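The structure under discussion appears below in the form of structure tokens.
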Amino acid sequence: QVQLVESGGGSVQAGGSLRLSCAASGLTFSSYFMGWFRQAPGKEREFVAAISRSGVSTFYADSVKGRFTISRDNAKNTVYLQMNSLKAEDTAVYYCAATARTTIRVNDYAFWGQGTQVTVSS
């Protein structure tokens, strides 16, 4: 059974930083393209960042480019999202997800974590 478990969310003031982690089990982690998505109240789930199986290639939404960094440790079956210079508009539930495809499309991700809340106060 595939499990993705996020941690590291919380409340922070604007300009602050948080580091999210997502521990994966039940799958061959290094074979999966990993992504982070977020969903704010009343909005659709949106792409934030993704990383290739080897970790060499990374992809970002324009809204987070230059502020967020995605990385992975295949030995630990974990993907990370370092979030710096946080803004109030980054407030959302953040989800990690896994796909056998190479894609940033939310509907192409087969496995999802339960989400972790990030709240940024201005």
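Just so we're clear, the structure is a prediction, and the values are computed from it rather than from any experiment.
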Check the pair Val2, Trp112 against side-chain contact (heavy atoms from CB on, under 4.5 Å), reporting the backbone distance first and the verdict last. CA-CA 9 Å; Val2 175; Trp112 291 84; over 6 Å; no
According to a hydrophobic-cluster definition based on side-chain heavy atoms being under 4.5 Å apart (Ile, Leu, Val, Met, Phe, Trp, Tyr only), do Ile104 and Tyr95 belong together? yes
> Is the side chain of Ser30 donor-acceptor paired with the backbone N or O of Asn74 at a distance under 3.5 Å, no angle test?
Replying inline: no
**Prompt:** With distance as the sole test, does Glu6 use its side chain to make a donor-acceptor pair with the main-chain N or O of Gln114 at under 3.5 Å?
**Reply:** yes
In this structure, CZ of Arg105 is separated from OG1 of Thr102 (nearest 0.5 Å) by 13.0 Å
Notebook entry, point to check: Is any side-chain N of the basic residue among Asp90 and Lys87 closer than 4.0 Å to the acidic one's carboxylate O?
Noted result: no
Nearest heavy-atom contact between Ser122 and Ala88 is CB-CB, 4.3 Å
Closest non-hydrogen contact found for Cys22 with Leu4 is SG-CB, 3.9 Å
Residues Arg38 and Ala92: closest non-hydrogen pair is CB-CB, 3.8 Å
CH2 of Trp36 to OH of Tyr60, rounded to nearest 0.5 Å, is 12.5 Å
Output for pair (Ser121 OG, Gln13 CD), nearest 0.5 Å, gives 5.0 Å
Do the side chain of Thr78 and the main chain of Lys76 share a donor and acceptor less than 3.5 angstrom apart? yes
According to the interplanar angle, ranging from 0 to 90°, do the rings of Tyr32 and Phe111 count as parallel (below 30°), tilted (30 to 60°) or perpendicular (above 60°)?
perpendicular
Taken to the nearest 0.5 Å, the spacing of Ile51 CD1 from Cys96 SG works out to 12.5 Å
*Check whether more than 12 heavy atoms from other residues, nucleotides or ligands sit under 6.0 Å from atom NZ of Lys65, and answer yes or no.*
yes
Tightest non-hydrogen contact, residues Leu81 and Ala49, listed as CD1-CB, 4.1 Å
Would a single hydrophobic cluster contain both Leu20 and Val106, if residues Ile, Leu, Val, Met, Phe, Trp and Tyr are joined by side-chain heavy-atom contacts under 4.5 Å? no
| query | Do the two ring centres, one from Tyr109 and one from Phe37, sit under 6.0 Å apart? | reply | yes
Check for a donor-acceptor pair, side chain of Arg19 on one end and backbone N or O of Gln82 on the other, with a separation under 3.5 Å.
no
Phe47 with Val64, same ILVMFWY side-chain cluster at under 4.5 Å
no
Can any side-chain N or O of Thr91 pair as donor or acceptor with the backbone N or O of Val120 at less than 3.5 Å?
yes
Polar side chain donor-acceptor pair, Ser52 to Arg72, under 3.5 angstrom
no
_Quick check on the hydrophobic clustering: are Leu18 and Val93 connected, directly or via other members, by side-chain heavy-atom contacts under 4.5 Å?_
no
Say whether Tyr80 and Phe29 are linked into one hydrophobic cluster, either directly or through other cluster members, by side-chain heavy-atom distances under 4.5 angstrom. no
